[in-house]
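Keep in mind the model is a prediction, meaning the values are calculated, not measured. Quick note on labels: first sequence line is chain A, next is B, and so on, each numbered from 1.
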Amino acid sequence: MSRSSKKKSTSNKQKKAVSKVSSFYNNFWHNIIIVFAVAKRYLLVDFRYKFQLVVEAGWTAVNVIVFILLGAAWQATSGEDLFIGVPYDMITFFVVSTAFYTVFGGTTEGTVNALPEETSRGTLGLLITNSVTPISVLIGKYLASTVKYLFILIVVVVPALIIRGAYPKSLELVWASLIIFFIAWLFMGSFTLILASISLIFKKTETFNKVGLYVLRFISGAIVPIYSFDESAKIFGIPLSNYLIWFPATFCLEAFRWLFIVPSANSLNTGGVSSDKGNFESFESVYGVPIKSWTLSDPVIQLLLVINIIIFIGAMLLVKKMTTISRRWGTIEFY
Amino acid sequence: MSRQPAIEASNIVKRFRASRRAENITILKDVSFTLPRRKGLAAIGANGSGKTTLLKILATLYLPDEGSCQILGYDLVKDARELRKKIAFVSPNLEFQKKLTLKETLEFFARVQQVDMANSMDFIEFMGLDEKLNDRTETFSEGQKAITRLAIAIMKDAKLLLLDEVTATLDINRKEDVIDYLESYCRDRSLVLIDHSARVVERLCHRVLMLSDGQVQKYVRVKDLLDEMPFKYNVVMTPKRRLTNRECQAIWPDYTRFGGLIRFFAHSEDEIRTIAARILRFRDYINFDISTVSLQDLAMSWTSSEKK
């Protein structure tokens, strides 16, 4: 090969590479625009179904009241011996659970139903042929639902949290709460995408979704504290809760309870005295999670973030794969 | 890329999964055709012949199980993402978010496609729907929804339009307006159309793809198809009462019933004169019309054979 033809071939390769990068960059921004446009569309629609919004807010208020009563009854009958080490009592336990699942339970339920709703309404075909893929629909809906349920959270649940004294008491704790919120948002987003991808192939998945969400609530320790079985359930001599805590939803929910009730960020590592329960131990000594600072510089937090980003990307690829299968089987438009 | 045909479909097969034990249902069998650029194609055939499935494959909604297809130089399967920017698909089953206004709906589609709304606004104004811009689509009639669907399709300046019965729900005046608009809009674009109205097909398409049981029966120019018709004229009679077969045959042996009407087929003007004279003598009729053949006749004969 002559020198000039070699030069030409290298220049062509470079051109192709540049064009690929530029195309990737354009597609990436186009996708971001689509996702935000979809989110705006859902927000407009969700807030126009006012009766539905009022019912959901009312149902959340009922949940808060019921779980406060349940927590009070639990405390009155069981005493507090079971909960040695953690800084919160059972009322806070349930109120934070309610807050967590008001946002993430509502968001998940709203999003997994997005594709079946679009399909039954006949809008999915129009969206797909206009560059709006099922992934864009799901992520856009997830964003919109997050805003909607944060609104319900602020109106209905936050007052209850404030009355209970369950809120971050310092700026450090606020930042830590935001980081944990983002990790939880990523994980619940992945969970939602995985559930939603099934609806591309199988129809009438509502019950399956409800079961999935219920199991998640249980594993994440929203209904029963994860350390309840520590005395009887040990694996290699280590309490069950020390394993369960590594499940992202469990970790985030439990972290919120601590972040909302401890008096300072430092006391998460040293233990201290909380308004709910008096003396408590450090997070590490209760769950064995070696977090030194609840910031992005902590290796454990970094690990959780990276793992959840990977899970999220994996969930998106799953939706893409399921979309291809449903296009082949023709189930993409059927409901 | 621009020299390539608008569509080059080769041996497309589409099967749908039936129940687990049953065999898959084959909807399209080895469908092949080529559509040159800036030409219109009408897919016609009886219900269940595979027209809509074919259109949905071309619109990248379904994936073919076998065969290949190049659209505007893009591979239908590999380049679906790019292709969606170049094609527009309209189907009567496509709906909108009912709580959004017409303006919000158009703005959404303009945003996701990163295009200007000017084309669709022109069309909306042309169709007199601009007064409804701030109305929610839940208040729209089927005809207004059909116009909105077309407005979305027109928005992105697509090079290939895939239209499935876009005029079916329109009243006669609006249908004419839409045909007029599409006639001028499709001059430098390619079109694949499904429409039961032969008048729409005749005005917008150059070629006809006749499908039967998922297979291509004929792929011909509209003019050739009309030339190939087994008769040149037809007389449609509206009788006062239901006629017996013997009475019909007494007027003319080559006939078919269509609803309450009877159609007599003629090959020449002489035969027309004979039929007309016999009907006049028969007297038990309300009226009768004489016309030359059109795709309307073809559609009627297809529908008629489907009923049989």
Side-chain angles (χ1 to χ4, degrees), chain A residues 23-24 26-27 29-53 114 117-137 140-141 144 201-202 320 323-335, chain B residues 14-18 24-25 27 52-53 55-66 76-77 80-101 104-105 107-115 136-138 145 148-149 152-153 155-156 158 162 164:
Chain A
S23 158
F24 174 81
N26 288 339
N27 284 342
W29 281 112
H30 188 199
N31 282 335
I32 297 283
I33 288 166
I34 290 173
V35 165
F36 278 98
V38 172
K40 186 185 168 190
R41 170 177 175 264
Y42 277 122
L43 265 181
L44 285 171
V45 171
D46 283 352
F47 278 88
R48 277 176 192 171
Y49 284 104
K50 293 189 183 72
F51 180 72
Q52 172 75 359
L53 199 63
E117 275 174 16
E118 295 284 2
T119 311
S120 61
R121 204 183 291 121
T123 40
L124 194 61
L126 190 64
L127 293 172
I128 290 172
T129 53
N130 285 294
S131 305
V132 184
T133 59
I135 295 179
S136 320
V137 171
K141 175 72 177 174
I201 305 293
F202 300 104
K320 200 174 173 198
T323 304
T324 307
I325 292 172
S326 66
R327 282 174 63 211
R328 190 167 295 286
W329 289 1
T331 54
I332 196 153
E333 269 208 316
F334 300 159
Y335 186 71
Chain B
K14 183 69 202 162
R15 298 183 197 95
F16 283 130
R17 277 163 59 95
N24 286 347
I25 304 161
I27 306 292
T52 300
T53 303
L55 208 65
K56 285 183 176 176
I57 288 174
L58 299 177
T60 73
L61 269 179
Y62 296 158
L63 282 171
D65 290 305
E66 286 172 34
L76 176 73
V77 178
R81 189 192 162 89
E82 284 307 307
L83 187 55
R84 282 174 189 152
K85 294 175 187 167
K86 311 279 180 196
I87 60 171
F89 173 56
V90 182
S91 150
N93 300 322
L94 300 179
E95 276 286 346
F96 320 103
Q97 273 286 0
K98 294 180 171 58
K99 289 284 173 190
L100 297 182
T101 64
E104 286 165 345
T105 303
E107 279 171 350
F108 168 75
F109 283 104
R111 185 113 186 94
V112 296
Q113 292 168 122
Q114 294 188 287
V115 294
R136 289 185 186 174
T137 54
E138 65 188 348
K145 282 182 194 170
T148 310
R149 280 182 210 110
I152 293 168
M155 183 187 288
K156 66 175 154 184
L162 305 162
D164 188 357

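Taking every heavy atom of both residues into account, I34(A) and S131(A) meet most closely at CD1-O, 3.3 Å. Nearest heavy-atom pair across K141(A) and V38(A) is N-CG1, 4.3 Å. Taking every heavy atom of both residues into account, L76(B) and I57(B) meet most closely at CD1-O, 3.2 Å. Of all heavy-atom pairs spanning G330(A) and F16(B), the tightest one is CA-CE2, 3.5 Å.
Only the side chain of E104(B) comes within contact range of chain A, with at least one heavy atom under 4.5 Å from a heavy atom of that chain. For F109(B), the part sitting under 4.5 Å from any heavy atom of chain A is the side chain, from C-beta outward, and nothing else. Only the side chain of A80(B) comes within contact range of chain A, with at least one heavy atom under 4.5 Å from a heavy atom of that chain.
Most heavy-atom pairs under 4.5 Å with chain B, from the set T123(A), T324(A), L127(A), L124(A): that is T123(A). Put simply, of R81(B), K14(B), K156(B), K98(B), the one with the most heavy-atom pairs under 4.5 Å next to chain A is R81(B). In terms of non-hydrogen atom pairs under 4.5 Å with chain A, the most contact-rich of V77(B), L100(B), T53(B) is L100(B). When each of L83(B), I87(B), L61(B) is checked for heavy-atom pairs under 4.5 Å with chain A, L61(B) comes out on top. Taking chain A as the reference chain and counting heavy-atom pairs below 4.5 Å, the highest number among R15(B), R111(B), Q97(B) is found for Q97(B). In terms of non-hydrogen atom pairs under 4.5 Å with chain B, the most contact-rich of N130(A), V35(A), I33(A) is N130(A).
A cation-pi arrangement is present between K99(B) and Y49(A), with the terminal nitrogen or guanidinium carbon under 6.0 Å from the aromatic centre and inside a 45° cone about the axis.
Taking the side chain as every heavy atom from C-beta outward, I135(A) and N31(A) never approach each other to under 4.5 Å.
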R136(B)/R48(A) under side-chain contact (heavy atoms from CB on, under 4.5 Å): CA gap, chis, key distance, verdict: CA-CA 11 Å; R136(B) 289 185 186 174; R48(A) 277 176 192 171; 3.3 Å; yes

